[in-house]
Amino acid sequence: MYKKVNQKIINELEKIVGQENVILDREKMLDYSHDEFSLPEIAQIPDVVVKPKTTEEVAKIMQLANREIIPVTPRGGATGLCGGCVPLYGGIVLSLENMNRILEIDKDNQMAKVEAGVTLMDFFLSVEEAGLFFPPHPGEESAMIGGLIATNAGGARAVKYGVIRNYVRGLEMVLPTGFIVHFGGKIMKSSTGYNLLNLIIGSEGTLGVITKAFIQLMPSPQVTRSLIIPYQNLEEAIETVPLLIRGKVLPMAVEFIPSEVIQITEVFLKKKWPCSHGETYLLIILDASSEEEIDRLSGIVAEICMEKGAFDVFVADSPQKQKLVLEIRSKIYEAIKAHTLEILDITVPRAEIAAHVKKVGVVSKKYNIWLPTFGHAADGNVHTHIMKARFEEGNIIPIPEEEWKRKIDNVRKELFQDCKNRGGVISGEHGIGMVKKPFLSFVLNREEIALMKGIKNVFDPRNILNPGKIFDLF
Ligand SMILES: Cc1cc2nc3c(=O)[nH]c(=O)nc-3n(C[C@H](O)[C@H](O)[C@H](O)COP(=O)(O)OP(=O)(O)OC[C@H]3O[C@@H](n4cnc5c(N)ncnc54)[C@H](O)[C@@H]3O)c2cc1C
């Protein structure tokens, strides 16, 4: 079906990107065989890794691959959680890591022009230095701009500020055939033909290689404040969220977090969360234009939460206290990573979260498997972690491989079915990749998937760009 990369092709690749940017060493290629999805079984070693430095080099690589029918897998920071950048059919891994320049931060247009290999961390720093603000905050800052756009990444601040899609105004992209195309630009509006820009956002590297992006920035909020609110149970916590929004407070982020994962992370980091009672916490982050305004908003939030049964409202108002709270929240993944099999990112209508999380509890009991669940309470995006362990009296008890392997498919199916029943989608921000591919038909019908396949065929008639992701063509 696909041609193997032979010496002649390697010579051509070396000519395009330089010998120093071609990796053939098997040990080194192991790093390029997987993303952050936990199971080693999904890893595939490519025939070769190439690291272009310019769009023209990317175009030449694609022309070569299209001519020879060699699969190419674009790769950013490899922080993906569904095997999206795994070279399923071998071939070429095209790593954007050398295209890491922030080309411009245009203060007049509040717009950044960046290459696809810029990390989120470097981007945040440059934007902050320019006195501006990039609101989306997906949790892993080593992700790269191209990967974030290709997955339409979200993060905790989506409730107020939206997802990556809401900030991408223009793209430069190399088609699978090697042509360079541009969609949008430094513009706020466009009704000029089909909106191909938005088709590319979230296309998981299957329609083109993103090489540059124009990204909208905003003025920074003047003041932020984090509130930690303990509740006896999850339902009370989650039922508070629509009341907040109805009470005319739109927080920057609202996360619900079970106390068990906070305890584990406290031990992992040797740091203390500001409060210890209750089974569930809401972490609410507010932003405002003045101290007076943030005091007013905090007051409304406190009143609504206490009325709904919260034990207390803890305020992290100094930068140090905020840093501690956000650090503990962001390190939960690391603290439980060794026992985590998969992180789901089901999104249900906001009013369905509590019922969906209850169902997670039922499935957890049925299969006797730990499914710690937390997430973005105000936008319906729920992160259930499927664990290779049980959680008993504060301890993580690993379960035998044979047991979790036997159970995992049924656990996924029951949760995806519940998601479907509630009008949700199986991925709200991580993408389908290869891991969720078997479940796409849970939420999309045959005609809908056929339309997607038709689009793929228009962009990539030889099916060489990231084949086997989202759906199979053969
Ligand atoms: C601890 C942790 C926390 C996370 N938190 C969040 C979160 O809050 N919100 C969220 O949305 N995600 C989150 N993620 C998931 C992950 O960070 C995102 O999916 C991110 O967008 C992936 O970016 P990446 O550069 O690592 O892409 P990769 O993993 O390298 O690739 C992801 C997909 O994008 C494609 N791709 C990469 N670069 C390009 C390009 N230049 N052109 C075309 N296609 C390309 C790949 O082929 C692949 O299909 C988290 C992950 C971890 C490990």
Side-chain angles (χ1 to χ4, degrees), residues 31-32 34-38 46 51-52 55 58 62 71-88 92-100 114-121 123 136-158 162-165 168 171-176 200-213 253 255 329-337 340 342-345 347 374-376 379 381 383 385 427-437 459-460 465-470:
D31 285 345
Y32 293 84
H34 62 88
D35 65 0
E36 272 289 318
F37 182 77
S38 78
K51 303 192 284 180
T55 304
V58 175
M62 292 314 305
V72 177
T73 307
R75 179 184 168 99
T79 68
L81 292 164
C82 56
C85 66
V86 172
L88 191 52
I92 300 170
V93 162
L94 194 159
S95 169
L96 277 298
E97 67 200 91
N98 283 343
M99 294 184 65
N100 56 3
V114 294
E115 290 186 327
V118 169
T119 63
L120 190 57
M121 189 185 304
F123 187 57
H137 196 177
E140 176 51 64
E141 293 188 359
S142 55
M144 294 177 185
I145 293 292
L148 292 160
I149 295 173
T151 53
N152 187 26
R157 296 176 186 164
V163 296
I164 294 284
R165 180 184 303 285
V168 179
L171 285 178
E172 177 189 83
M173 188 179 91
V174 177
L175 293 172
I200 302 310
I201 300 166
S203 63
E204 301 191 46
T206 61
L207 300 180
V209 182
I210 297 160
T211 45
K212 291 191 186 91
E255 301 270 297
R329 164 64 187 96
S330 69
K331 295 287 178 192
I332 295 174
Y333 170 71
E334 263 180 58
I336 63 174
K337 182 176 169 177
T340 304
E342 184 173 352
I343 306 176
L344 302 183
D345 65 318
T347 298
F374 39 98
H376 315 310
D379 65 24
N381 190 196
H383 292 307
H385 292 54
S427 173
E429 56 179 20
H430 297 161
I432 300 298
M434 55 191 274
V435 173
K436 286 181 222 128
K437 188 170 62 174
F459 277 77
D460 186 11
L465 193 64
N466 213 0
K469 304 300 164 56
I470 309 179

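Start at 1 and go down the list; that is how both ligands and their atoms are numbered.
Using a cut-off of 4.0 Å between Lys/Arg side-chain N and Asp/Glu carboxylate O, Asp31 and Arg75 are scored as not salt-bridged.
Of the possible polar contacts, none joining the Ser427 side chain to the Ile432 backbone as a donor-acceptor pair under 3.5 Å is found.
For Arg329, the salt bridge (charged side-chain N to carboxylate O under 4.0 Å, His left out) test picks out Glu255, with sequence neighbours left out. Under the ring-ring contact (aromatic ring centres under 6.0 Å, His included) criterion, Phe459 pairs with no residue, sequence neighbours left out. Listed by chain and number, the residues in a ring-ring contact (aromatic ring centres under 6.0 Å, His included) with His385 are Phe374 (sequence neighbours excluded).
Taking a heavy-atom cut-off of under 4.0 Å, ligand 1 is surrounded by Glu36, Pro74, Arg75, Gly76, Gly77, Ala78, Thr79, Gly80, Leu81, Gly84, Cys85, Leu96, Ala116, Pro138, Gly139, Glu140, Ala143, Met144, Gly146, Gly147, Leu148, Ala150, Thr151, Ala153, Gly154, Gly155, Glu204, Gly205, Gly208, Val209, Ile210, Tyr333, Glu429, His430, Asn466.
Residues Thr79 and Glu36 have side chains that never bring a donor and an acceptor to within less than 3.5 angstrom of each other.
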